[in-house]
Q: 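Mind having a look at this structure? Questions to follow.
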Amino acid sequence: MEASEHPAVPKLQQAFGDKILDVYTFRGDVVVVLDRSVNVEACQLLRDDPDLLFNFLMDLTAVDYLKFGREPRFEVVYNLYSLMKNLRLRLRVPVPEEDPVVRTVTHLWKAADWAEREVWDMFGIRFEGHPNLKRILLYEEFEGHPLRKDYPVNKRQPLIGPKN
Amino acid sequence: MGVRERLGESFFTSRVDKVVAWARKWSLFPYPFVTACCGMEYMAVSSAHYDLDRFGAAFPRFTPRQADLLMVVGTISHKMAPILRRVYDQMTEPKWVMAFGVCTCTGGFYDNYATVQGIDTIIPVDIYVPGCPPRPEAVINGIMKLQEKIEKMKQPI
């Protein structure tokens, strides 16, 4: 589907104007880049608009663009699917390194709970308003966020063994 | 007097620790600590085709307190490491540990933040069976090597 054909694009542009930073199609998937100040409102609109009904958060993840030399460094990515309208949409929300905070969408989709915890665990991006934002895969004593590209490949966490 | 003359070939003599060693080496009760894909290979080893009962090591005990061979099968992450240590501590003496598969031996290709680089950093290991996963023949070879080791070691009674 081309970006111009996707029913969500004009609605988002009308509602959020210049907060929509970019709209494009990548290999048949429509992608909307938007400012983090409207991420919850945009998700709410996409979920509740009767023409869209994006009721399924398929994935919520993040990307570290450190080696791309891009500003801002992080991006939180939402992959949405509408079961009723058979539509897909990807949202990308840039997040700066010095203030890695995004507002949570757990109140819109329960599925966001663990996904946001995983993003916090791996990338150190905090989700404001999340009910239980703690590490999900690693243990509490773990230092750092291993999927950040500046996490040293050979770094070992001293848990119990002397050589690890 | 000659006992041998009076009783003939109806008995043989040995030493207590040799008998104990013989009993121990032919009645290994494994505890399979299975965490990853090597578990499939463990299932192959422990099922009828390879017949571990030949070595007295076919009967898995699913509590560490009744086992004397801890088979660590699969990748051990740092989060799992304290649990492995605890299972090892719960086993009664004498006890042996087999590192089953290359992940338990050295960490394998998981040279990353999450994986323990060899379980010998946590617990003592008696026999290493590398391979990704090891063939059942390799595991049987490992068990036979362990039996040799048990036979030769000093037997605490």
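Proteins come first, then strands; the chains are lettered A, B, ... in the order of their sequence lines, and each starts at number 1.
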Q: Sort by residue number and list every residue of residues 25-34 of chain B having at least one heavy atom under 4.5 Å from chain A.
A: none
Q: Where the side chain of A/R88 meets the backbone of A/N79, is there a donor-acceptor pair that is under 3.5 Å apart?
A: no
Q: What I want to find out is whether B/K149 reaches B/D126 closely enough, with some N-O distance under 4.0 Å, to be called a salt bridge.
A: yes
Q: Between A/R36 (side chain only) and A/V101 (backbone N and O only), is there a donor and an acceptor less than 3.5 Å apart?
A: yes
Q: Is it true that a side-chain atom of B/S77 and a backbone atom of B/A114 form a donor plus acceptor pair closer than 3.5 Å?
A: no
Q: Say whether, by atom type as modelled, one donor and one acceptor occur between the side chain of A/E128 and the main chain of A/R126 under 3.5 angstrom.
A: no
Q: Has the side chain of A/E2 got a donor or acceptor atom that lies under 3.5 Å from a matching backbone atom of A/V30?
A: no
Q: With side-chain hydrogen bond (donor to acceptor under 3.5 Å, both in side chains) as the test, would you mind laying out the steps for A/Y78 and A/N39 before giving the verdict?
A: CA-CA 10 Å; A/Y78 303 82; A/N39 74 321; 3.0 Å; yes
Q: What residues of residues 91-112 of chain B make heavy-atom contacts with chain A at a cutoff under 4.5 angstrom?
A: B/D111, B/N112
Q: Give a yes or no on whether the ring-centroid distance for A/W120 and A/H130 is below 6.0 angstrom.
A: no
Q: Side chain, backbone, both or neither: which part of A/L137 has an atom under 4.5 Å from a heavy atom of chain B?
A: backbone
Q: Under a 4.0 Å N-O cut-off, is there an ion pair linking B/D17 with B/K154?
A: no
Q: Can you check whether B/F55's main-chain N or O pairs, donor with acceptor, with B/Q147's side chain at less than 3.5 Å?
A: yes
